[in-house]
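Read through the structure below, which is laid out as structure tokens, and then see the notes.
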Amino acid sequence: MAIILGEPEVEGLGKAVAVLREWQDEGAQTQLHPGDLGWFWRSGAEATAAAVRTWSRDGRLLAVGLLDGPGLLRLTLAPDVLRDEELARRLVEDVTDPGRGVLPEGRVNIEAPVGALVQDLLSGHGWDLDEPWTPLRHDLTEPVGDPCVRIEVVGPERAHAFAAVQRAAFEGSTFTERRWHAMASGLPYADARSLVAYDDRGEAVAAVTVWSAGPGRPGLLEPMGVHPDHRRRGHGRAISVAAAAALRELGASSALVCTPSSNVGAVATYGSAGFLRRPEVRDRYRAA
């Protein structure tokens, strides 16, 4: 059967989210997580559907990609087709030709699982390795420690507090209370929690959203941020500990996060919260 490139409508997002949940496994490399789609959902269901690409054969989804920006495709594959030659060649054809509607002309990046055949084929077509990222993992077999600050699970009535910290924590962020509501209305948020940390004066100082892929599967932190007025006081560690604890309550087997290796402060913060470094990963990029 031929491999079909698809662009799901909103109604088709449920299938993409479901297979991403199924593909999460402790033995797998860091890969696209249903929480990545959940975080993108802050722009609305229609925008999320427009950013998703799927590859299927005989009605079965083999690969799912998220256009996480105009020049970045975050791609993952079903575990049993990582070395499928037909699929790998089709993926390379689709991402290389701007007319296929996946990636535009000019400089573009692809994130794909380490060890997938598509990585080898992209290298052969002149795609180079980009800057390294550091994945980190917190095992959730045992209880997580006390964050030692007040943690609040965000509901609709406190979305403004989460949005304010989120917007302040990331330069150029356009996150709003309305975007939180859009995110919380998405399918992946059924297994998610937004948390806000407060200091001893009652000020909101840090925020995180955690995404479960179901019991016994790795969960994701995306994103975590500390208000710039309250940095270097241990709040990043505290909210990261709380995030791991929240994922454990949701049944996750581990908590995952990934940050640029150049962001040594973030790597150190997660390390202080009990997250252990995993081998660095790199996107592939095609120069303009």
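Just so you know, these numbers come straight off a predicted model, no measurement behind them.
Side-chain contact between L121 and L91 is absent, with no heavy-atom pair separated by less than 4.5 Å. Side-chain atoms of V281 and P279, non-hydrogen and from C-beta on, never get closer than 4.5 Å to each other. L77 places a side-chain heavy atom less than 4.5 Å from the side chain of P113. Counting heavy atoms from C-beta outward, R193 and L250 have side chains that approach closer than 4.5 Å. Annotation: side chain of R90 is in contact with side chain of R100 (closest heavy-atom distance under 4.5 Å). Between H125 and V92, some side-chain heavy-atom pair lies under the 4.5 Å cut-off. Inter-residue side-chain proximity for L5 and V102 is flagged as met; some heavy-atom pair is nearer than 4.5 Å. Side-chain contact check for E7 versus V52: every heavy-atom pair is 4.5 Å or farther apart.
Under the rule for a ring-ring contact (aromatic ring centres under 6.0 Å, His included), W23 has no partner lying at least two apart in sequence or in another chain. Taking W211 as the reference, Y189 meet the ring-ring contact (aromatic ring centres under 6.0 Å, His included) condition, with sequence neighbours excluded. Shown here are the side chain to side chain contact (heavy atoms under 4.5 Å, CB included) partners of S185, two or more places apart in sequence or in another chain: there are none. Residues forming a ring-ring contact (aromatic ring centres under 6.0 Å, His included) with F40 (at least two apart in sequence, or on another chain): none. Checked against ring-ring contact (aromatic ring centres under 6.0 Å, His included), Y270 has the following partners two or more places apart in sequence or in another chain: F275.
With respect to S254, the side chain to side chain donor-acceptor pair (under 3.5 Å) criterion is satisfied by exactly one of R248, E26, R217: E26. A side-chain contact (heavy atoms from CB on, under 4.5 Å) with V205 is found for exactly one of R231, H235, R233, R150, namely H235.
Smallest separation of non-hydrogen atoms from Q24 and P34: NE2-CD, 3.7 Å. What you find for R286 and P104 is that their closest heavy atoms are NH2-O, 2.9 Å. When every heavy atom of I110 is checked against every heavy atom of V95, the shortest pair comes out as CD1-CG2, 3.5 Å. Annotation for A169 and V226: closest pair CB-O, 3.5 Å, computed over non-hydrogen atoms.
Atom CG of L66 sits about 12.5 Å away from atom OG1 of T54, to the nearest 0.5 Å.
Residue pairs meeting the side chain to side chain donor-acceptor pair (under 3.5 Å) criterion with at least one partner in residues 71-83, sequence neighbours excluded, are Q31-T76, D36-R74, R60-D80, D68-R74, R74-E111, R83-D120.
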Q. Stepwise, does the side-chain contact (heavy atoms from CB on, under 4.5 Å) test hold for K15 with L61?
A. CA-CA 9 Å; K15 186 175 181 180; L61 286 184; 3.9 Å; yes
Q. Are H138 and L140 close enough, and set up right, to give a side-chain contact (heavy atoms from CB on, under 4.5 Å), and what steps lead you there?
A. CA-CA 6 Å; H138 196 309; L140 299 180; 3.9 Å; yes
Q: Please lay out, stage by stage, how E152 and R158 fare under the test salt bridge (Lys or Arg N to Asp or Glu O under 4.0 Å).
A: CA-CA 9 Å; E152 182 177 75; R158 297 296 294 168; 3.2 Å; yes
Q: Show the numbers, then the answer: is there a side-chain contact (heavy atoms from CB on, under 4.5 Å) between E131 and S261?
A: CA-CA 8 Å; E131 297 300 314; S261 298; over 6 Å; no
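The cationic group of R57 does not satisfy the cation-pi geometry with W55, failing either the under 6.0 Å distance to the six-membered ring centre or the 45° limit from the ring axis. Seen from the ring of F175, R167 does not count as a face-on cation partner, given the 6.0 Å and 45° thresholds.
Within a 6.0 Å sphere centred on CD of E280, heavy atoms belonging to other residues, nucleotides or ligands number more than 12.
Side chain of R42 to backbone of R178: no donor-acceptor contact under 3.5 angstrom is found.
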